[in-house]
*Asks:* 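Attaching a single structure in structure tokens format; questions to follow.
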Amino acid sequence: MRFQTSRGRTIRALLVLVATCCATPGAGSSPDEAVGVARIDMDASRIEDFGSDLQVELTMSRAVPWRVFTLDAPYRLVADFGEVDFDESDLGALIESDNVQGVTHGRYREGWSRMVLILAQPMRVETAGLSLAQDADAAVLKMSLAPASEREFLDTIGAPDSELFSLPEAEILDAPVERQDGERPLRIVIDPGHGGLDPGAQAGGLSEADVMLGIARELRDALVRDGHAVTMTRDGDVFVPLAGRVSIARAARADMFLSLHADALAMGRATGATVYTLSEEASDARSRRLAERHDRGDLLAGIDLAAQEDDVALVLMEMARRETTPRSERLAAKLVDGLARHTRNMHKRPRLRAGFSVLRAPEIPSVLVELGFLSSPGDRANLTDPDWRARAVAGIREAIDVWAEEDAREAQLLRQ
């Protein structure tokens, strides 16, 4: 399939190309190929300039559904596939272009992969097409991009509506979630930060996404043994958009949302755990930068963060937050107490606030826990030490139990 435009033509919602030409695997296909997973042939692929234009050519082991589009802030070319295994592909090694500043790639959601090129300037997709090799054992996706004015670029950005590629619609609940009053198991959502093509902070051979997933699983198992109902936003090395994590919490009718992270600092020394709650005004410059880095994971994954809420929705959310914010603040305070008592490893300012997108569910008490700094050798040792992790889990469990008991008493008083 090929889609082509002239240079002077304005393209609505950028070039959206979806090809559903997945060939039926032959008898000799591998198990991965049988379910539609393709691999990149690095020797037959390229990302390079041709004059002022950018040429991208990806040779894959099979044809898969695909689309391309552009986004701004920063300028990005996004290519979605269903599905490409990028594990052994260093696409950065292919870049021989002044038009490309970097590339990210990996699993975007279940069954889908994404490649994002960070562009040095506004560019528009001139041509894009997928063709099969003569023996049908390979498929080649070719894209040509040309420099564009800012207006031309902004006229074509954004992913289109697509049943094939769109995320599932948020679940519509039949009735509002009743505040927990101690008469049923507590519904807790644990959010291991980052994942998939967004590894988070990296230091000392560790990635934040991997370390937090391990601790989240240990915490989940402990809370389930305590009789709580626990949902994970991810239980593998997969990318989940920030809005998707909040949607998971809503679908679980959560009483509590707990996001786990471990920061890293390029400069300066810092150690110990910090507990954050939502605020549009960050407690300090580091908190503001940290919240921006968390959002940047979605940006580099090709998520458009420009969606705005309407006025009515904003009023309703503000009304919900009037009740939820004090509950989140109390949960954060209990977590500081529990972690301090069990680990004795807290940051000098253990309670901070910042505008984390993942904490924006107005009806769910939500906190973000930075369990330490991967940039600190001492914290790295703690985060990988089974004994320290067990004590951290014990501190969080204790905090949740104390908070839940006090929160239930308040709920019962409000009903009287």
Side-chain angles (χ1 to χ4, degrees), residues 170-171 173 175-193 216 219-220 222-224 226-233 242-261 273-283 287 291 294 313-314 316-339 350-371 393 395-415:
E171 180 181 357
L173 303 179
V177 177
E178 291 188 3
R179 179 172 170 175
Q180 71 92 19
D181 60 1
E183 298 299 319
R184 59 168 174 78
L186 201 65
R187 295 190 287 257
I188 303 169
V189 170
I190 302 175
D191 172 44
L219 177 60
R220 173 197 59 194
L223 292 173
V224 168
D226 288 345
H228 301 302
V230 181
T231 300
M232 300 265 284
T233 59
L242 299 176
R245 296 169 192 255
V246 176
S247 295
I248 289 170
R250 287 189 171 125
R253 303 170 71 82
D255 300 304
M256 171 192 305
F257 180 88
L258 184 64
S259 190
L260 301 180
H261 291 261
T274 309
V275 183
Y276 285 88
T277 48
L278 179 67
S279 174
E280 298 304 327
E281 297 294 329
S283 298
S287 299
H294 283 211
L314 290 172
L316 292 174
M317 287 192 294
E318 182 58 32
M319 292 173 64
R321 284 197 178 103
R322 289 180 184 177
E323 176 190 0
T324 306
T325 297
R327 299 172 66 202
S328 297
E329 295 286 329
R330 289 196 296 271
L331 175 58
K334 300 302 180 187
L335 285 166
V336 169
D337 291 344
L339 286 168
R351 267 292 288 120
L352 294 171
R353 297 167 181 82
F356 292 102
S357 295
V358 79
L359 301 182
R360 292 186 181 276
E363 75 280 22
I364 304 171
S366 303
V367 297
L368 185 146
V369 180
E370 292 279 349
L371 281 169
V393 166
I396 294 173
R397 288 171 57 197
E398 177 183 287
I400 289 173
D401 287 343
V402 173
W403 176 87
E405 184 177 345
E406 293 182 2
D407 189 67
R409 283 201 300 268
E410 182 181 79
Q412 292 166 0
L413 287 173
L414 291 173
R415 291 177 185 175

*Asks:* Under a 4.5 Å cut-off applied to non-hydrogen side-chain atoms, are Leu335 and Leu258 in contact?
*Replies:* yes

*Asks:* Do you know the tightest heavy-atom contact between Arg245 and Asp191?
*Replies:* NH1-OD1, 2.5 Å

*Asks:* Can you name the closest pair of heavy atoms from Val189 and Ala254 and give their distance?
*Replies:* CG2-CB, 3.6 Å

*Asks:* So how far is it from Leu368 CG to Ser328 OG, rounded to the nearest 0.5 Å?
*Replies:* 12.0 Å

*Asks:* Can you give me the closest heavy-atom contact between Ile190 and Ala216, atom names plus distance?
*Replies:* CG2-CB, 3.7 Å

*Asks:* Do Gln180 and Met256 have side chains that get closer than 4.5 Å, going by heavy atoms?
*Replies:* no

*Asks:* Can you find a heavy atom in the side chain of His228 that is under 4.5 Å from one in the side chain of Asp401?
*Replies:* yes

*Asks:* Any non-hydrogen side-chain atom of Arg330 less than 4.5 Å from a side-chain atom of Glu410?
*Replies:* yes

*Asks:* Please report the interatomic distance CG(Leu219) to CD1(Ile188), rounded to the nearest 0.5 Å.
*Replies:* 7.5 Å

*Asks:* Would you check if Ile364 and Val246 make a side-chain contact, meaning some heavy-atom pair closer than 4.5 Å?
*Replies:* no

*Asks:* Between Glu323 and Arg179, does any side-chain N to carboxylate O distance fall below 4.0 Å?
*Replies:* yes

*Asks:* Give the intermediate values and the outcome of side-chain contact (heavy atoms from CB on, under 4.5 Å) for residues Val358 and Thr233.
*Replies:* CA-CA 11 Å; Val358 79; Thr233 59; over 6 Å; no

*Asks:* For residues Ala229 and Pro185, report the shortest heavy-atom separation together with the two atoms involved.
*Replies:* N-CB, 4.3 Å

*Asks:* Kindly determine whether Leu371 and Leu339 satisfy side-chain contact (heavy atoms from CB on, under 4.5 Å), including the steps that lead there.
*Replies:* CA-CA 9 Å; Leu371 281 169; Leu339 286 168; 4.2 Å; yes

*Asks:* Which pair of non-hydrogen atoms, one from Met232 and one from Ile248, has the smallest distance, and what is that distance?
*Replies:* O-CG2, 4.4 Å

*Asks:* Considering non-hydrogen atoms only, spot the tightest contact between Glu363 and Pro365 and give its length.
*Replies:* O-CD, 3.9 Å

*Asks:* Does any N or O in the side chain of Trp403 come within less than 3.5 Å of the main-chain N or O of Arg327, such that one atom is a donor and the other an acceptor?
*Replies:* yes

*Asks:* Just by distance, no angles: are the side chains of Thr277 and Arg351 close enough, under 3.5 Å, to form a donor-acceptor pair?
*Replies:* yes

*Asks:* To the nearest 0.5 angstrom, please state how far the CG atom of Leu331 sits from the CD1 atom of Ile400.
*Replies:* 7.0 Å

*Asks:* Below 4.0 angstrom, N of the basic side chain to O of the carboxylate: do Arg353 and Glu329 qualify?
*Replies:* yes

*Asks:* Using 0.5 Å steps for rounding, measure from the OG1 atom of Thr325 to the CG atom of Leu278.
*Replies:* 7.0 Å

*Asks:* Below 4.0 angstrom, N of the basic side chain to O of the carboxylate: do Asp407 and Lys334 qualify?
*Replies:* no

*Asks:* Side-chain contact, heavy-atom cut-off 4.5 Å: Arg187 with Thr231?
*Replies:* no

